[in-house]
Amino acid sequence: MAALKIGKVNWQSKLNKAAHHTSDYSSTEVILRRGQPFSISLNLKTTVQSWDNFTFIASTGPSPSQQTKAIFTLSEEGASGWSATQEPGEPRCLNVAILSPADAVIGRYKLKLQVLAGNKVSSKVLGQFVLLFNPWCPDDDVYMADEKERQEYVLNDSGIIFQGLEKDIQQEAWNYGQFEEDILDISLAILDRSLNHREDPAVDVSNRNSPVYVSRVISAMVNSNDEKGVVEGKWSGKYRSGTNPLRWSGSVTILRKWYRARYRPVRYGQCWVFAGVTCTVLRCLGIPTRVITNFNSAHDKNLNLSVDKYIDMSGNTLHLSEDSVWNFHVWNESWFVRRDLGSFYDGWQVLDATPQEKSKGIYQCGPASTRAIKEGDVNLDYDSPFVFAAVNADCVTWIRYSKKRKERIYSNTRKIGKFISTKAVGTNSRVDVTANYKYPEGSLKERQVYKKALKLLGVRRPGKRTKIPRPRRGFSRAQPAQTPSISGKLLLDASPVIGQDILLTLTLRNLISDFQTIKVKLKASAILYTRKPKAEILQLHRSIKLGSEEVKEISFKILYSQYKNSLMDDRKILVTAVCQIKQGASLLIEKDIVLQDPFLTIKVLGPAVVHRPVNVEVTFTNPLSDVVTDCVLRAEGSGLLKEQLRIHVERMAPMETSTVQFEIIPYRRGTRQLQVDLVCTHFSDIKGFVMLDVAPAQ
């Protein structure tokens, strides 16, 4: 038999991409999903007497092993679970359907054909392909049964990340862009840059069949703390040597910047940036993933399920504890089977790439099963105690009068882990998933789970919950050791807008029939979303006299001139009022304020059609009573703009409204998200987005 000669190899790209749901990837590579057959056609230049001598070899990784090298023939399935089946075709044309197992290693493969002719073996490399996880395959660990959920959590390349406060939840658009040019290459490069890969490439690659393993590696690699990963975190100081985390609108620019700079970490990120990038990479690799926001999120450093905060008599924060409560914290959930834990723990798994605490020696977190968190199974892998504390810890505030004397003035068992949120399937509305993480606050089951977690964590003291009475249903007011004889609240007179004065009213009520004098120490500070104070804005001291059961309102304002030079880019202010009574318990009242940006309006001036130009008009207003210069309008959106668009806005008069027009040429059909961001050194970014339905080309 003459040596086999193969002419053209047809990878049936269009057919395979459609069948494998990979048509959206902006790549000329063959991109496939495991556990599903794909077709190739070989044009043969010689006549074949028998197909039994045909052997295929699919291999991945730098040193292919039993787990990463599959050998199989047309006549029988290989030991690896790969198989090839001949399909009908023209003479001298071999049509083959190749099936990878549903637990195959993911990554870039080389496919080779070996043919035995007599005693001679001839071989030919047929080409390369990329194999991904397959949520459409019932035997894959990432299988997701609902098609609408697959469209959202695997194929949607834009989304919403919720931020703000529990009582003022705000939407921020994010461009995931997992199908954009280079993003698949970058996602695979992230795996290859990990510590695991550098320590033992063969073992690392052979473990890439597991979504548990791959997702954990990604949670470590998206931050730069150990492995020169993608994003460097920063929560204090200036951002002159990088980009302010609030200025990012998506993952594509960040990932390309890391890749093009030869893997130098991108400066800077905070929790929503880490979560946005993680979502992009995991969706790109085929793991269903979503972004989760936990409001009033605890960072319980010592894992005793109690977050202690200390203040002095003026309301200043004392840094006596490493515990903290963030206004919000953002992480990810990915959907897959937990063969390591048992089927009860299958489903959504928490991953957190924000570098907060080390796990097994490096900054990584998860996957932690949400079922394990809800049931208090904090002994299970990975990092479930940290996530449990983030949504369940008690919050205790102390006034420290001296080294020897302190007073517990606030304890709340219900403050932590509120309105846990994610974007809805198919719309931009908010879905509350708190019930996935814990039983109803105050219920018998919730208390049992809390006690179970304390026991598993080895916290000998039974926590603050036994020392402080749990609030009765419907009451969330502070529970001090001694109940104060006054109550109070801080209210905004109007929705606060940047550039304007902030008007507040402190209302105090005497709860007893005796006359009382209250010393009020009121303080306003600019804070980060982590609630860490950065600059003092205002201090007021008042003495208030209250008659029997009398109510008094004290109005005050924070002038724009007072806060304009102190306000951080987060646009957050914390107002605290420490109310002291000569005889009796003190009262702490707190109010978180987020200043609203002026609206930015976006109009698409015509129908959006693939490969047809359409103009976009953006209108925005300078919110300040000062002239502002050197602003930049930025726009981005997957399927709409291949690179971020930047337009300079040289000057805006006080309170001036400006209009800018630019052109986009959509290159992908379907629902698309266009984000616009006005960046200026004089005030924090003004952001907006619009959803477009892009019609296919006529």
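Hydrogens, waters and symmetry mates play no part in the numbers below; they use all other heavy atoms, side chains included. Please read these numbers as outputs of a predicted model, since none were measured by experiment.
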Between Arg193 and Glu227 (salt bridge meaning N to carboxylate O under 4.0 Å), is one present in this structure? no
Parallel, tilted or perpendicular: which describes the rings of Tyr529 and Trp326, with under 30° parallel and over 60° perpendicular? perpendicular
To the nearest 0.5 Å, how far apart are OG1 in Thr434 and CD1 in Ile292? 9.5 Å
Would you call Glu149 and Arg290 a salt bridge, taking side-chain N to carboxylate O under 4.0 Å as the test? no
So, are Lys301 and Glu357 salt-bridged, with charged N and O less than 4.0 Å apart? yes
Is there a donor in the side chain of Thr317 and an acceptor in the side chain of Arg531, or the other way round, less than 3.5 Å apart? no
Show, in sequence, the C-alpha distance, side-chain angles and deciding distance for Glu181 and Arg256, and conclude whether the salt bridge (charged side-chain N to carboxylate O under 4.0 Å, His left out) test is met. CA-CA 9 Å; Glu181 196 173 337; Arg256 284 177 178 164; 5.4 Å; no
Check the orientation of Tyr25 and Phe179. Use parallel for under 30°, tilted for 30 to 60°, and perpendicular for over 60°. perpendicular
State whether a side-chain donor-acceptor pair under 3.5 Å links Trp174 with Ser251. yes
Any side-chain donor-acceptor pair under 3.5 Å between His299 and Glu322? no
With Gln178, which of Asp157, Asp24, Val281, Val252 fulfils side-chain contact (heavy atoms from CB on, under 4.5 Å)? Asp157
Value for CZ (Phe662) from CG (Asn615), rounded to nearest 0.5 Å, stands at 9.5 Å
Row check, Tyr176 ring normal vs Arg283 NZ/CZ: under 6.0 Å, within 45°: yes
Taking NZ, NE, NH1 and NH2 as the nitrogens, is one of them in Glu152 or Lys423 under 4.0 Å from a carboxylate oxygen of the other? yes
Does atom NZ of Lys591 have more than 12 heavy-atom neighbours, drawn from other residues, nucleotides or ligands, at distances under 6.0 Å? yes
If we count only N and O atoms by modelled type, under 3.5 Å, do the side chains of Thr671 and Asp693 hold a donor and an acceptor together? yes
Distance-only donor-acceptor check, side chains Ser638 and Asn175, under 3.5 Å: yes
